[in-house]
Amino acid sequence: MEMAEEDEEPMTEETTATTKKKTRPKPEKKLPITEEELTTLFSLIASATSLSHTFLSQNDLLLLPSQTLTLESSIKSTALSLSSLLPLQTLNPPPLPPPPPRPSVSWFHRLFSSSDSDSDARFVESFHLSKPSFRLLLQTLSPSLQAPPELSLAAALFRLSHAAPYNSVARRFGIDSAAACRAFFQVCKAVVDRLSHLFDLSPDRLSRNFSLPHCFGVLGYSRFFTDLGVGNEGAVVVQGLVDSSGRFLDVSAGWPSWMTPEAIFRQTKLYSRVTEGKELLNGASFDLVGGHSIAPYVLGDSCCPLLAWLLTPYPKSSEAKDKSHRLFNLAHGRGMELVNNAFGRVLARWRLLSTHWKQECLEIFPFVVVVGCLLHNFLIDCREPVPEDIGDYAKEQRFPEFDGNEDESGKNARDALALLLNMILPKALDK
């Protein structure tokens with residue numbers, strides 16, 4: 001017994017692995033699905049699709065617009081897939097159940113008639129404004145809208161709010177897709193024609209309620225994306241100037257992504273009205289503590305040139321050397337949040353602008369961006385709550401830093417403000 005055990009070959013890892021490999025069961029071959037099983041499967045999917053459609057039709061006032069649009073898209077995709085697969089069967093499948101009949105009264109009219117409160121949450125969720133603001137906007141735009149103006153405005157706002165395709169808008173408002181498209185562009189034109197005064201660069205409208213003295217606004221840039229390229233290459237750049245309340249004072253939209261912010265800036269109406277027409281930011285200087293004085297100015301990001309009236313942050317490398325530079329950059333960064341948040345709120349409220357636009361729509365895209373910014377101003381004037389959950393919409397977008405010469409007057413103004421902050425905020429960076 002003992003000699004026999006000694007003669008046995010020891011079990012190594014290699015032989016163990018070989019044994020396991022030899023004894024591993026082979027996977028069973030799956031039998032092809034039969035035509036009868038395939039027909040049954042198609043019938044079940046078709047029935048589920050029809051039931052989903054019925055559920056959607058009967059509960060469209062109870063579901064959120066985002067839920068109904070998602071469900072509609074899923075139903076449409078399933079129906080198209082079934083239609084393309086059914087001809088592959090050799091047996092005649094049962095016909096797809098017909099969709100339920102449309103309600104005799106459109107979703108919009110049922111919603112409008114059932115929303116008896118000015119603060120009805122369903123109305124606000126559907127159009128991203130309250131009923132009183134809707135009525136005021138309707139009164140303002142009606143002279144430029146064809147009948148029925150109430151339906152046209154609601155259809156356009158629904159598309160803007162939820163990036164709804166025209167066929168989805170058409171189903172909800174009891175019109176066809178072509179009419180939905182006409183209503184949308186008619187409303188956009190009416191907004192530009194009748195609300196353009198809400199972009200006001202007149203000196204008496206420029207606000208100075210900023211943390212930095214004698215500041216009249218914040219200039220920033222945002223990218224709105226298209227399907228024409230990868231990353232930032234497929235984008236349209238928009239320049240915006242906002243006041244301390246986050247209202248847009250000026251918007252210049254539609255610049256190609258290959259242009260630098262400096263090149264865009266020097267071709268805008270804002271630049272020409274300050275530097276050539278001398279219409280803006282030409283008021284009296286403001287005396288600071290310590291004998292310094294500064295002329296009116298706006299804040300701009302590091303992608304902009306430093307000018308006497310456009311103050312950009314100090315380079316990051318200088319913050320470690322000079323506490324006053326860090327304090328200025330801290331205050332400057334808080335100012336830049338105003339313009340980033342303004343763009344973020346436009347994108348969060350009007351979600352059509354956050355989608356990737358196709359090439360055939362690019363000509364109208366900047367026009368719709370301007371519409372979104374004008375409506376943003378209109379709703380601030382109406383004291384509508386601004387979107388708070390702006391998340392990635394307000395994420396700071398990085399542009400190449402300006403690497404040209406700095407204006408001496410701009411450097412002196414920035415240094416004077418930095419010294420002032422160092423005097424009045426000695427412990428700001430120690431907290």
Side-chain angles (χ1 to χ4, degrees), residues 196-221 239-252 261-262 264-314 318 322 324-339 342 377 380-381 402 404-426 428:
S196 288
H197 64 278
L198 297 181
F199 290 158
D200 192 352
L201 278 174
S202 59
D204 58 334
R205 288 296 301 269
L206 292 176
S207 170
R208 290 184 289 181
N209 297 321
F210 291 91
S211 57
L212 288 169
H214 220 42
C215 178
F216 285 82
V218 183
L219 185 73
Y221 297 84
Q239 174 185 288
L241 178 70
V242 302
D243 64 13
S244 58
S245 67
R247 291 177 86 261
F248 285 96
L249 301 172
D250 180 64
V251 171
S252 183
E262 183 211 1
I264 293 171
F265 167 66
R266 294 187 187 278
Q267 296 185 45
T268 60
K269 178 177 65 175
L270 172 65
Y271 181 83
S272 64
R273 290 186 66 181
V274 175
T275 60
E276 297 171 14
K278 308 294 183 182
E279 303 172 46
L280 303 174
L281 303 177
N282 59 356
S285 296
F286 182 78
D287 293 330
L288 301 176
V289 177
H292 299 284
S293 65
I294 54 171
Y297 65 92
V298 298
L299 299 179
D301 210 349
S302 56
C303 59
C304 299
L306 175 65
L307 304 175
W309 60 274
L310 179 63
L311 302 188
T312 59
Y314 286 101
S318 72
D322 195 319
S324 66
H325 292 189
R326 283 181 286 161
L327 286 169
F328 177 85
N329 282 0
L330 181 64
H332 183 282
R334 289 173 179 167
M336 294 306 302
E337 288 177 2
L338 287 168
V339 68
N377 284 3
I380 288 179
D381 290 347
F402 174 72
N405 296 326
E406 295 183 330
D407 181 89
E408 286 298 322
S409 298
K411 290 170 67 175
N412 293 336
R414 186 172 64 182
D415 288 343
L417 288 168
L419 289 174
L420 174 66
L421 292 174
N422 199 41
M423 293 171 59
I424 64 178
L425 300 172

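- Residues Asp301 and Tyr221 have side chains not in contact (no heavy-atom distance under 4.5 Å, counting atoms from C-beta outward).
- Residues passing the side chain to side chain donor-acceptor pair (under 3.5 Å) test with Asp322 are Ser324, sequence neighbours excluded.
- The side chain to side chain contact (heavy atoms under 4.5 Å, CB included) check on Gln267 picks up Trp255, Met259, with sequence neighbours excluded.
- The minimum heavy-atom distance linking Pro213 with Ile294 is given by the pair O-CD1, 3.5 Å.
- Between the NE2 atom in His325 and the CG atom in Leu421 there is a gap of 11.0 Å [rounded to 0.5 Å].
- Counting only residues at least two apart or on different chains, the side-chain hydrogen bond (donor to acceptor under 3.5 Å, both in side chains) pairs with a member in residues 277-298 are Arg273-Glu279.
- Annotation for Pro296 and Phe216: closest pair CB-CE1, 3.3 Å, computed over non-hydrogen atoms.
- Contacts classified as salt bridge (charged side-chain N to carboxylate O under 4.0 Å, His left out) and involving residues 412-424 (residues at least two apart or in different chains) are given here: Glu406-Arg414.
- Not counting sequence neighbours, the partners of Glu408 by the salt bridge (Lys or Arg N to Asp or Glu O under 4.0 Å) test are Lys411.
- For the pair Gly217 and Leu241, the tightest heavy-atom approach, listed with the atom from each and the gap, is C-CD1, 4.0 Å.
- Scored by the side chain to side chain donor-acceptor pair (under 3.5 Å) test, Thr312 finds no partners at all (sequence neighbours excluded).
- Atom CG of residue Leu299 and atom SG of residue Cys215 lie 4.0 Å apart, to the nearest 0.5 angstrom.
- Minimum heavy-atom separation, Leu310 to Pro305: CD2-O, 3.5 Å.
- When the shell of 6.0 Å around CZ of Arg266 is examined, it contains more than 12 heavy atoms from other residues, nucleotides or ligands.
- Remark: Thr275 engages Tyr271, Trp309 in a side chain to side chain contact (heavy atoms under 4.5 Å, CB included) (not counting sequence neighbours).
- Between Leu249 and Leu201, the shortest heavy-atom distance links the atoms O-CG, 3.7 Å.
- Listed for the His332 side chain is no donor-acceptor partner under 3.5 Å among the backbone atoms of Leu212.
- Residues satisfying the ring-ring contact (aromatic ring centres under 6.0 Å, His included) test with Phe402, not counting sequence neighbours, are none.
- Residue Asp243 holds its CG atom at 8.0 Å from CG of Asn377, rounded to the nearest 0.5 Å.
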Decide salt bridge (Lys or Arg N to Asp or Glu O under 4.0 Å) for Arg247 and Asp381; before the verdict, give the C-alpha distance in whole Å, the side-chain angles of both, and the deciding distance to 0.1 Å. CA-CA 9 Å; Arg247 291 177 86 261; Asp381 290 347; 3.1 Å; yes
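- Using a 4.5 Å heavy-atom cutoff, the side chains of Leu219 and Leu270 are in contact.
- Taking the side chain to side chain donor-acceptor pair (under 3.5 Å) definition, one finds that Asn329 meets it with Glu319, sequence neighbours left out.
- A distance of 10.5 Å separates CG of Leu311 from OG of Ser409, quoted to the nearest 0.5 Å.
- The two residues Ala342 and Gly246 have their closest heavy-atom pair at CB-O, 3.6 Å.
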